[in-house]
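These numbers come from the heavy atoms of this one structure, side chains and all, not from hydrogens, waters or symmetry mates. Remember, predicted model here, so these are calculated numbers, not experimental data.
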Amino acid sequence: MDIGASIRAIRKRKGITIARICEDTGLSQGFLSQVETGRTSPSIATLESIARALGVPLPYLLLQKEERMTVIRKQERKVTASGSEHLRVEHLALTRHMRMMMVEVPPGGSTGSEVHAHPGEEIHLVVKGRIWAQQGEDAAEFEEGDSFAWSACVPHMVKNIGEDTALVLIAVHRDTGEGEDYL
């Protein structure tokens with residue numbers, strides 16, 4: 001974690017001088033310079049005062065780079081095919097433990113001819129079309145605007161029962177970031 005580099009980047013982006021931060025915090029310029037260059041580690045109390053002077057929440061300074069907001073523009077989305085029926089999957093966003101995807105299911109298409117299971121939890125929102133979903137002994141039909149959630153470790157399946165292509169927004173959570181097979 002490079003807190004000093006984060007402090008410097010925020011300070012420069014906001015056009016705040018070291019002198020101004022020192023004036024607001026009571027810290028010396030030499031000390032703040034050492035913090036920014038990683039030659040010293042500030043206490044939590046010092047970080048709180050620096051965060052206040054920068055106008056950012058303290059937890060933001062403590063984030064690892066991979067924990068900060070990521071942006072994926074529509075034209076930059078990764079598109080893959082999933083399952084035996086090669087469903088079109090647009091990967092919308094991800095964190096270490098979550099994935100969000102938009103899945104196109106053609107009429108009669110499904111997540112596979114057999115139910116399947118994997119670690120994690122899923123939340124589904126039917127954006128367009130009619131689908132049928134089964135988890136274990138539970139099954140239901142869903143239309144546009146309906147949603148459902150389940151533990152993905154129980155065998156499950158989703159099938160398009162409508163006459164048009166269905167769009168399903170799926171968020172998947174896993175305790176580990178391992179594996180790409182989410183459908």
Side-chain angles (χ1 to χ4, degrees), residues 1-3 5-10 12-14 56-183:
M1 177 175 354
D2 195 351
I3 294 171
S6 292
I7 292 169
R8 174 181 276 158
I10 294 166
K12 288 187 174 213
R13 186 177 65 244
K14 291 187 169 198
V56 297
L58 173 61
Y60 184 75
L61 292 180
L62 303 175
L63 291 176
Q64 298 286 340
K65 183 177 181 179
E66 62 274 5
E67 295 173 319
R68 295 209 170 156
M69 181 173 74
T70 57
V71 176
I72 301 172
R73 302 289 180 197
K74 183 177 182 177
Q75 64 275 15
E76 298 169 345
R77 290 180 188 160
K78 178 180 170 185
V79 178
T80 60
S82 181
S84 61
E85 298 193 26
H86 305 288
L87 302 180
R88 184 178 190 275
V89 179
E90 279 189 62
H91 300 268
L92 306 177
L94 66 127
T95 66
R96 275 188 310 164
H97 299 291
M98 292 191 68
R99 304 279 187 267
M100 182 174 282
M101 303 161 283
M102 183 70 73
V103 180
E104 287 184 12
V105 187
S110 70
T111 53
S113 58
E114 301 288 326
V115 294
H116 65 282
H118 55 82
E121 299 173 323
E122 298 180 359
I123 298 174
H124 300 75
L125 170 66
V126 180
V127 176
K128 177 183 158 193
R130 287 184 51 228
I131 65 160
W132 172 83
Q134 174 189 1
Q135 180 206 31
E137 297 299 311
D138 297 327
E141 291 183 17
F142 300 92
E143 295 181 351
E144 184 175 319
D146 293 340
S147 59
F148 58 96
W150 56 37
S151 172
C153 65
V154 175
H156 57 277
M157 172 191 286
V158 173
K159 181 175 183 170
N160 182 349
I161 57 172
E163 295 179 15
D164 298 315
T165 297
L167 289 177
V168 182
L169 180 65
I170 304 175
V172 180
H173 176 272
R174 287 193 176 176
D175 289 332
T176 66
E178 299 173 8
E180 286 290 323
D181 185 20
Y182 286 92
L183 293 181

List for me each residue that meets side-chain hydrogen bond (donor to acceptor under 3.5 Å, both in side chains) alongside R73, sequence neighbours excluded, and say none if there are none.
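Scan of R73 (side-chain hydrogen bond (donor to acceptor under 3.5 Å, both in side chains), adjacent residues dropped) gives none.
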List for me each residue that meets side-chain hydrogen bond (donor to acceptor under 3.5 Å, both in side chains) alongside T80, sequence neighbours excluded, and say none if there are none.
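T80: side-chain hydrogen bond (donor to acceptor under 3.5 Å, both in side chains) contacts with H91.
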If only atom types and distance count, is the side chain of H97 paired as donor or acceptor with the main-chain N or O of R174 below 3.5 Å?
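Such a contact is found between H97 side chain and R174 backbone.
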Side-chain donor/acceptor of T95 to backbone N/O of M98, under 3.5 Å
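Between the backbone of M98 and the side chain of T95 there is a qualifying donor-acceptor contact (under 3.5 Å).
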To the closest 0.5 Å, what do you measure between [atom1] ([X]) and [atom2] ([Y])?
X: M157; Y: I131; atom1: CE; atom2: CD1; result: 12.0 Å
X: L94; Y: M101; atom1: CG; atom2: CE; result: 10.5 Å
X: T111; Y: E85; atom1: OG1; atom2: CD; result: 8.0 Å
X: E76; Y: K78; atom1: CD; atom2: NZ; result: 14.5 Å
X: L125; Y: E144; atom1: CG; atom2: CD; result: 9.0 Å
X: I170; Y: I123; atom1: CD1; atom2: CD1; result: 11.5 Å

List the residues meeting side chain to side chain contact (heavy atoms under 4.5 Å, CB included) with [X], not counting sequence neighbours, and say none if there are none.
X: P106; value: L87
X: K14; value: I10, I16, V56
X: E67; value: L63, Q64, R96

Does anything in residues 129-140 form a side chain to side chain donor-acceptor pair (under 3.5 Å)? List the pairs, not counting sequence neighbours.
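Sorted result for residues 129-140: R130-E141.
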Considering non-hydrogen atoms only, spot the tightest contact between F148 and A133 and give its length.
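So the two residues come closest at CZ-CB, 3.6 Å.
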Could you report the tightest heavy-atom contact between A117 and C153, atom names first, then the distance?
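Closest pair (atom of A117, atom of C153, distance): CB-O, 3.4 Å.
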Sequence-distant partners of Y60, ring pair (Phe, Tyr, Trp, His ring centres under 6.0 Å), two or more places apart:
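Partners of Y60 by the ring pair (Phe, Tyr, Trp, His ring centres under 6.0 Å) criterion come out as none, since no residue qualifies.
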Taking the six-membered ring for Trp, are H156 and H118 parallel (under 30°), tilted (30 to 60°) or perpendicular (over 60°)?
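Answer is perpendicular, since the angle exceeds 60°.
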Listed once per pair and sorted, the salt bridge (charged side-chain N to carboxylate O under 4.0 Å, His left out) pairs that draw on residues 103-119, sequence neighbours left out
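Pairs touching residues 103-119 that pass the test: R88-E104.
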Sequence neighbours excluded, every pair satisfying salt bridge (charged side-chain N to carboxylate O under 4.0 Å, His left out) that has a member inside residues 147-162
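Matches after skipping sequence neighbours: none remain.
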List the atom pairs, donor and acceptor, that lie under 3.5 Å between side-chain atoms in residues 162-169 and the rest of the protein, sequence neighbours left out.
none

Please say whether more than 12 non-hydrogen atoms of neighbouring residues, nucleotides or ligands are located less than 6.0 Å from CG in L92.
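Above 12, so yes.
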